Amino acid sequence: NAGVTQTPKFRVLKTGQSMTLLCAQDMNHEYMYWYRQDPGMGLRLIHYSVGEGTTAKGEVPDGYNVSRLKKQNFLLGLESAAPSQTSVYFCASSRTSRETQYFGPGTRLLVL
Amino acid sequence: GENVEQHPSTLSVQEGDSAVIKCTYSDSASNYFPWYKQELGKGPQLIIDIRSNVGEKKDQRIAVTLNKTAKHFSLHITETQPEDSAVYFCAASVTGGGNKLTFGTGTQLKVEL
């Protein structure tokens with residue numbers, strides 16, 4: 001039981017490039033989340049999903065898109081990366097809306 | 001939307017002493033308050049949580065208290081150990097719907113020998 005895994009662990013992009021971050025969970029959780037963590041600002045919610053095929057905007061959604069085609073996977077896309085998107089990205093999942101969110105190990109992204 | 005403030009930003013204690021971290025929230029509808037511990041290079045890990053129908057919760061050396069009237073909650077760690085050194089985050093959410101967590105800005109706890 002791996003829990004929540006994230007791919008890749010680290011990536012360097014040039015401004016304007018695109019990429020997709022993958023989050024996978026093997027706990028059969030309904031809810032999945034993408035957060036970004038910046039120094040001194042805690043974690044901020046980008047997008048979330050309340051079930052397969054659904055997505056919704058969080059606090060800081062601009063510049064990101066998401067998809068939840070399979071229950072176990074939640075993809076975060078950057079269509080045209082900007083230096084302001086340099087951050088550490090964390091995925092989380094929970095079984096229901098009333099239960100604990102479990103976090104993955106993070107993806108460190110550097111946009112030059 | 002919800003706003004969570006966390007203090008202090010850094011906290012240094014001697015091994016064996018107690019540590020207290022405080023958070024305030026703005027949305028009276030918030031009813032779920034987890035605390036996460038984050039070690040360097042890792043994702044946040046839940047250490048304890050409390051719901052709005054409870055005033056206090058304990059788990060061995062860790063306790064959390066909630067004052068709904070004042071909209072603040074606190075994390076208490078007793079008999080601190082070097083392995084308690086990490087960044088601690090408080091968060092608040094309204095369960096149901098998306099259960100979207102709003103996090104505080106974190107407290108760097110250092111336990112010195």
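In this text the structure is predicted, and so the values were computed from the model without any measurement. Each chain gets a letter, A, B and so on, in the order the sequences are listed, and its residues count up from 1.
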ILVMFWY cluster, A:Tyr35 and B:Phe89 together (side-chain gap under 4.5 Å): yes
Options B:Val94, B:Val4, B:Val87, B:Leu101, ranked by heavy-atom pairs under 4.5 Å with chain A, top entry: B:Leu101
Distance, nearest 0.5 Å, that separates OH of B:Tyr32 from OG1 of A:Thr100: 3.5 Å
Other residues, nucleotides, ligands: >12 heavy atoms within 6.0 Å of B:Glu83 CD: yes
For A:Gln37 against B:Gln38, the heavy-atom pair lying closest together: NE2-OE1, 2.9 Å
Reported CG-to-OH distance for the pair B:Asn99 and A:Tyr31, which is rounded to 0.5 angstrom: 8.0 Å
B:Lys37, NZ atom: more than 12 neighbouring heavy atoms under 6.0 Å: yes
Among A:Gly42, A:Ser97, A:Gly104, A:Cys91, residue most engaged with chain B (heavy-atom pairs, under 4.5 Å): A:Ser97
B:Gln81 atom CD: more than 12 heavy-atom contacts under 6.0 Å: yes
B:Arg61, CZ atom: more than 12 neighbouring heavy atoms under 6.0 Å: yes
A:Arg108 atom CZ, neighbour heavy-atom count above 12 within 6.0 Å: no
Options B:Ser93, B:Gly43, B:Pro44, ranked by heavy-atom pairs under 4.5 Å with chain A, top entry: B:Pro44
Engaged part of B:Pro34 at the chain A interface, taking heavy atoms whose separation is under 4.5 Å: neither
Option in A:Val4, A:Val88, A:Leu43, A:Val50 with maximal non-hydrogen atom pairs under 4.5 Å from chain B: A:Leu43
Heavy-atom pair of closest approach, residues A:Arg98 and B:Thr95: NH1-OG1, 3.4 Å
Contacting moiety of A:Gln101, where chain B heavy atoms sit under 4.5 Å: both
Gap separating the CD atom of A:Glu59 from the CD atom of B:Glu2, nearest 0.5 angstrom: 10.5 Å
Other residues, nucleotides, ligands: >12 heavy atoms within 6.0 Å of B:Glu15 CD: yes
Over 12 foreign heavy atoms within 6.0 Å of CG, A:Leu112: yes
Closest non-hydrogen atom pair between B:Gly98 and A:Tyr48, with its separation: CA-CE1, 3.7 Å
Over 12 non-hydrogen atoms of neighbours within 6.0 angstrom of CD in B:Glu56: yes
Separation between OH of B:Tyr36 and CZ of A:Phe103, rounded to the nearest 0.5 Å: 5.0 Å
